[in-house]
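The next block holds one structure in the form of structure tokens; read it before the comments.
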Amino acid sequence: MSTAPESPTPQPPAPDVPLVRAGLTRRGWTIVVSFVLTVALLLVGLLVPIPYVSLGPGPTYDTLGDVDGVPIVRVDGEKSHATTGQLRMTTVSVNDEISLFGALGLWVSGRYAVAPREDYFRPGETEEQIEQQNTKMFQDSQSNAEIAALRHLKYPMKVIATEITSGAPADKVLAPGDQLLVVNGKKVAAAADVRAALAGTTPGQGISITYKRDGQEKTATIALARATDFGQDDRPEGFIGLGAGERPDVAFKTTISLQNVGGPSAGLIFALAIVDRLTDEDLAGGATIAGTGEIDAAGTVGRIGGIPFKMVAAKEAGVSVFLVPEGNCAEAKDNAPEGLRLVKVSTLDGAVQALQDIKAGRPVPGC
């Protein structure tokens with residue numbers, strides 16, 4: 001008996017329910033995309049550096065005091081006089097790693113300024129190169145401050161070879177640091193005397209040079225060259241290939257110790273601190289005095305940058321008198337914090353006189 005297959009059990013009809021596709025609506029996608037873009041913009045604004053730097057008040061240092069127990073200005077081998085008051089050098093804080101929102105916040109605060117990075121750093125410069133340049137300028141300012149201070153105090157000076165052109169006539173005889181005594185029969189008392197002694201000479205002419213090295217005097221004959229052979233401008237006199245500079249001819253040593261500070265603008269205050277240490281003038285006279293200004297070996301005070309920020313830093317450090325380079329007077333006057341007395345200076349001699357006059361209650365030139 002054959003058996004037929006069973007018929008399938010009939011299923012109930014499917015309910016009449018509309019199908020819904022899983023996912024976001026257009027409005028939902030709009031909200032999600034907007035949120036993602038907002039978060040991305042926030043992250044960019046907070047984290048991505050922009051090609052700008054921020055400038056603001058930096059730390060100040062009392063050059064008559066010390067940092068971590070190390071005197072900023074120290075004189076070894078000569079009597080160092082006691083001082084009262086403070087002579088504070090001022091600095092500008094520069095930050096070249098700022099974001100867009102960070103820059104906006106600094107600008108809105110009114111305490112900082114924002115400027116294009118290229119105004120302060122040349123394109124392609126590495127951080128190491130920038131630090132080297134700032135360190136070199138700072139070291140030069142220290143050297144100039146010492147020379148200017150000791151020149152002001154009438155200490156004797158000597159002329160030394162500072163740079164020797166490679167392969168030039170001087171390179172065969174002299175070395176940096178040699179003291180120059182006589183060039184072409186003329187005594188050398190100032191750096192300018194070296195060039196003056198070559199007036200009237202001609203390329204190929206032999207001249208004598210008397211110099212001192214390691215305490216011993218030596219005389220040598222040098223055949224002058226032609227300046228153009230060493231990439232110099234053409235000139236009628238012979239070329240020696242020698243850079244000369246002046247240094248104090250003293251037995252004592254002046255040391256300036258300050259870390260993580262660069263640039264040349266502390267020169268004036270360093271020079272004043274050296275003068276104060278080596279005399280019984282007591283220039284600050286118990287007051288808290290600050291200032292700024294580049295200085296050269298002759299004692300001339302040059303203009304600097306960032307003076308509005310330096311005055312703010314000085315005021316916050318309790319400074320009553322601020323020494324301003326003559327070239328910065330207009331800018332300083334327009335930005336001076338209330339109660340800060342501005343004193344105009346153009347030379348180290350003038351700055352010393354101004355401090356003496358302030359201590360004695362006499363009038364001083366202001367901005």
Hydrophobic cluster identity match, [X] and [Y], side-chain contacts under 4.5 Å:
X    : Y    : value
F309 : V321 : no
I274 : M157 : yes
I307 : L340 : yes
V364 : F322 : no
L153 : L64  : yes

Quiz item: Pairs in or reaching into residues 329-367: which pass disulfide (SG to SG under 2.5 Å), with residues at least two apart or in two chains?
Solution: C329-C367
Quiz item: Closest approach of F230 and A225, non-hydrogen atoms and distance?
Solution: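 Result for this residue pair: CE1-CB, 3.7 Å.
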Quiz item: At their closest point, which heavy atom of F239 faces which heavy atom of P169, and how far apart are they?
Solution: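 F239 and P169 have their closest heavy atoms at O-CG, 3.5 Å.
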Quiz item: Going by heavy atoms in the side chains, are L272 and I269 under 4.5 Å from each other?
Solution: yes
Quiz item: Okay, side chain of D276, backbone of D282: is any donor-acceptor separation there less than 3.5 Å?
Solution: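 Yes.
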Quiz item: Counting N and O atoms only, with roles assigned by atom type, does the side chain of D66 sit under 3.5 Å from a partner on the main chain of I72, one being a donor and the other an acceptor?
Solution: no
Rounded distance [0.5 Å steps], [atom1] in [X] versus [atom2] in [Y]:
X    : Y    : atom1 : atom2 : answer
K212 : I160 : NZ    : CD1   : 13.5 Å
L268 : T292 : CG    : OG1   : 8.0 Å
E146 : T255 : CD    : OG1   : 8.5 Å
H152 : T279 : NE2   : OG1   : 7.5 Å
Q179 : K218 : CD    : NZ    : 14.0 Å
E237 : T202 : CD    : OG1   : 10.5 Å

Exercise. Begin with the C-alpha distance, continue with both residues' side-chain angles, and end with the deciding distance and a verdict on side-chain hydrogen bond (donor to acceptor under 3.5 Å, both in side chains) for T90 and T60.
Key: CA-CA 5 Å; T90 53; T60 69; over 6 Å; no
Quiz item: Would you call E78 and R277 a salt bridge, taking side-chain N to carboxylate O under 4.0 Å as the test?
Solution: no
Quiz prompt | Ionic contact status for D178 with R213, cut-off 4.0 Å | solution =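 Salt bridge between R213 and D178, a charged N being under 4.0 Å from a carboxylate O: yes.
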Quiz item: What's in the same ILVMFWY side-chain cluster as L174, cut-off under 4.5 Å, chained through other members?
Solution: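 Same cluster as L174: V159, I164, V173, L180, V183, V188, V194, L198, I207, I209, Y211, I222, L224, I240, L242.
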Quiz item: Quick one: hydrophobic cluster around L181, which other residues, with the 4.5 Å side-chain cut-off, linked directly or via members?
Solution: V182
Exercise. Show your working on side chain to side chain contact (heavy atoms under 4.5 Å, CB included) between K333 and V324 and close with a plain yes or no.
Key: CA-CA 10 Å; K333 187 176 180 180; V324 181; over 6 Å; no
So does [X] have more than 12 non-hydrogen atoms from other groups sitting under 6.0 Å from [atom1]?
X    : atom1 : answer
E163 : CD    : no
D214 : CG    : no
R226 : CZ    : no

Self-check item: Pair D357, Q353: side-chain N/O donor-acceptor within cut-off below 3.5 Å
Solution: yes
